[in-house]
Amino acid sequence: MAEPSQITYTENLQKFLRLPQGGQIIAEYIWVDSEGGVRSKSRTLPEKEGGYVPADLPMWNFDGSSTGQAPGENSDIYLKPVAVFPDPFRGQPNILVLSECWNNDGTPNKYNHRHECAKLMEAHASHKPWFGLEQEYTLLDLNDRPYGWPKNGFPAPQGPYYCGVGAGKVVQRDIVEAHYKCCLYSGVKISGTNAEVMPAQWEYQVGPCEGIEMGDHLWLSRFLLHRVAEEFGAKVSFDPKPIPGDWNGAGLHSNFSTKEMREEGGMKHIEAAIKKLEGRHAEHIAVYGEGNEKRLTGRHETGNIDSFTYGVANRGASIRIPRECAAKGYGYFEDRRPASNADPYQITGIIMETCFGAVGDAE
């Protein structure tokens, strides 16, 4: 239960959030920093009939030396709006503006992984690539201890927590529910959520999304999760193994299909793609998240980081083909290798590059 001071704070804040804005809106510009975190800042814009699209919005800038994205002697980094979402915290007509980071010489910042991903998606758009990402995460208190864990030692072994219901099995459901509603309000294509196998670990799914939309919606969902957790005084960890011990690590499993895979006889296209993925296993692991070696051990429903395997309904393989798809002969496959902290632009981008070639390659 919230402390009285927290209740009073929330009630007082709501009084101010309901105030009229005099024909102005607040645009919250959001970007990805050098460590795979999200940053944001606000600006005032005139209210626009019909709302804003990215092309209507001004570019902005920030001090890149304070985010690890530029040196102090040449610190201006420019924000280029690429996607607009309704703001669930301030309400309409205020907006969230997802932005790419660009250097002052007109080149994409080295941490701008969206730019290359968007080129790959555009080059291979005829394949109608669909993605669905399963984002796992852990909720921590301000001392970096998972919620619900005893102060000294560990909770009971995993078993009752996955999709659990009831006190002692799940914690911080209020954060999960609030995040779900914020995603729906903002138009994020969230498709579900569930408690995971470790206490304080949760998962939500985003998709199906086509092309670059996948990365945009996943990053916006991460921003919303951090902001919701902030309201409750909690921290979100996307570390694949935030606490040592005999627990499942956190992943960002990627479900993938193309129009060819989704049609009758699509299994041959699925198998051809998997063969290509096998040939570039090391390249994929290189961009599939930091600390992934702590998770991909060959135990707890993971493959070994040094080997590539695939199979039908096999959650211990690198690539899983769902049994239903194998039975039908078409559908999609799941890449189970990405860690929970991986960049969705890098995940979806390298899958497209491996399956269909780099930008400019003939198909």
Side-chain angles (χ1 to χ4, degrees), residues 1-11 13 36-38 88-89 133-186 188 190-206 218-253 289 291 294-295 299-302 315 336 338-342:
M1 183 175 178
E3 296 292 331
S5 60
Q6 293 174 309
I7 295 173
T8 302
Y9 168 78
T10 301
E11 290 175 345
L13 179 61
V38 284
F89 305 107
L133 292 178
E134 303 173 19
Q135 176 69 74
E136 295 176 338
Y137 63 95
T138 307
L139 291 170
L140 309 176
D141 63 24
L142 296 183
N143 294 315
D144 292 330
R145 188 75 173 165
Y147 275 101
W149 284 43
K151 291 184 178 178
N152 297 302
F154 296 88
Q158 62 188 50
Y161 313 114
Y162 173 69
C163 295
V165 177
K169 297 179 181 177
V170 296
V171 293
Q172 302 304 106
R173 194 183 291 274
D174 46 2
I175 293 176
V176 174
E177 293 292 322
H179 173 247
Y180 204 150
K181 292 295 288 287
C182 283
C183 285
L184 292 173
Y185 180 92
S186 293
V188 170
I190 187 169
S191 50
T193 188
N194 58 269
E196 266 300 335
V197 298
M198 186 184 83
Q201 188 183 76
W202 290 83
E203 175 191 305
Y204 64 91
Q205 304 87 36
V206 177
L218 200 283
W219 271 116
L220 201 282
S221 75
R222 285 179 173 177
F223 168 81
L224 294 174
L225 182 56
H226 280 297
R227 278 287 282 106
V228 168
E230 176 188 316
E231 297 285 339
F232 288 85
K235 297 169 72 173
V236 179
S237 173
F238 292 114
D239 190 315
K241 199 84 170 180
I243 298 293
D246 194 29
W247 302 97
N248 283 34
L252 184 59
H253 301 161
K294 296 182 293 183
R295 170 181 162 267
R299 300 180 66 245
H300 299 306
E301 299 183 342
T302 67
R315 296 183 182 273
R336 298 179 58 79
S340 50
N341 58 7

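Note that these values count all heavy atoms, side chains included, but never hydrogens, waters or copies made by symmetry.
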Practice problem: Grab the two heavy atoms, one from Val170 and one from Tyr161, that are nearest each other, plus how far apart they are. | Solution: CG1-O, 4.3 Å

Quiz item: Where do Tyr162 and Glu196 land on the side-chain contact (heavy atoms from CB on, under 4.5 Å) test, with the steps shown first?
Solution: CA-CA 4 Å; Tyr162 173 69; Glu196 266 300 335; 4.0 Å; yes

Practice problem: Determine yes or no for a side-chain-to-main-chain donor-acceptor pair under 3.5 angstrom, with Glu136 supplying the side chain and Gly251 the backbone. | Solution: yes

Quiz item: Counting only N and O atoms by type, is there a donor-acceptor contact under 3.5 Å from the side chain of Ser340 to the main-chain atoms of Phe238?
Solution: yes

Quiz item: Any idea which heavy atoms bring Pro199 and Pro155 closest together, and the distance?
Solution: CG-CG, 3.8 Å

Quiz prompt | Verdict with supporting geometry, Tyr180 and Val176, side-chain contact (heavy atoms from CB on, under 4.5 Å) | solution = CA-CA 6 Å; Tyr180 204 150; Val176 174; 5.7 Å; no

Exercise. Would you give the length of the straight line joining atom CG of Leu220 to atom OG of Ser186, rounded to the nearest 0.5 angstrom?
Key: 6.0 Å

Self-check item: Closest approach of Lys151 to Arg145 (non-hydrogen atoms, all atoms of both residues)
Solution: O-NH2, 4.1 Å

Self-check item: Heavy-atom pair of closest approach, residues Ala234 and Ile175
Solution: CB-CD1, 3.7 Å

Quiz item: In Å, rounded to the nearest 0.5 Å, how long is the span from NE2 of His253 to CD of Glu203?
Solution: 7.5 Å

Quiz item: Quick one: do Glu231 and Arg227 make a salt bridge, cutoff under 4.0 Å?
Solution: yes

Self-check item: Straight-line distance of Asp141 CG to Gln172 CD, nearest 0.5 Å
Solution: 9.0 Å

Quiz item: Excluding sequence neighbours, so at least two apart, what forms salt bridge (charged side-chain N to carboxylate O under 4.0 Å, His left out) with Lys169?
Solution: none

Quiz item: Is there a side-chain contact (heavy atoms from CB on, under 4.5 Å) between Thr302 and Arg336 once you walk through the steps?
Solution: CA-CA 7 Å; Thr302 67; Arg336 298 179 58 79; 5.9 Å; no

Quiz item: Any idea which heavy atoms bring Ala178 and Phe232 closest together, and the distance?
Solution: CB-CE1, 4.4 Å

Quiz prompt | Test side-chain contact (heavy atoms from CB on, under 4.5 Å) applied to Tyr204 - qualifying residues, sequence neighbours left out | solution = Gln135, Tyr137, His179, Ile190, Thr193, Val206, Leu218, Ser221, Arg222, Leu225

Quiz prompt | Least distance between heavy atoms, Phe89 atom then Cys182 atom | solution = CE2-SG, 4.1 Å

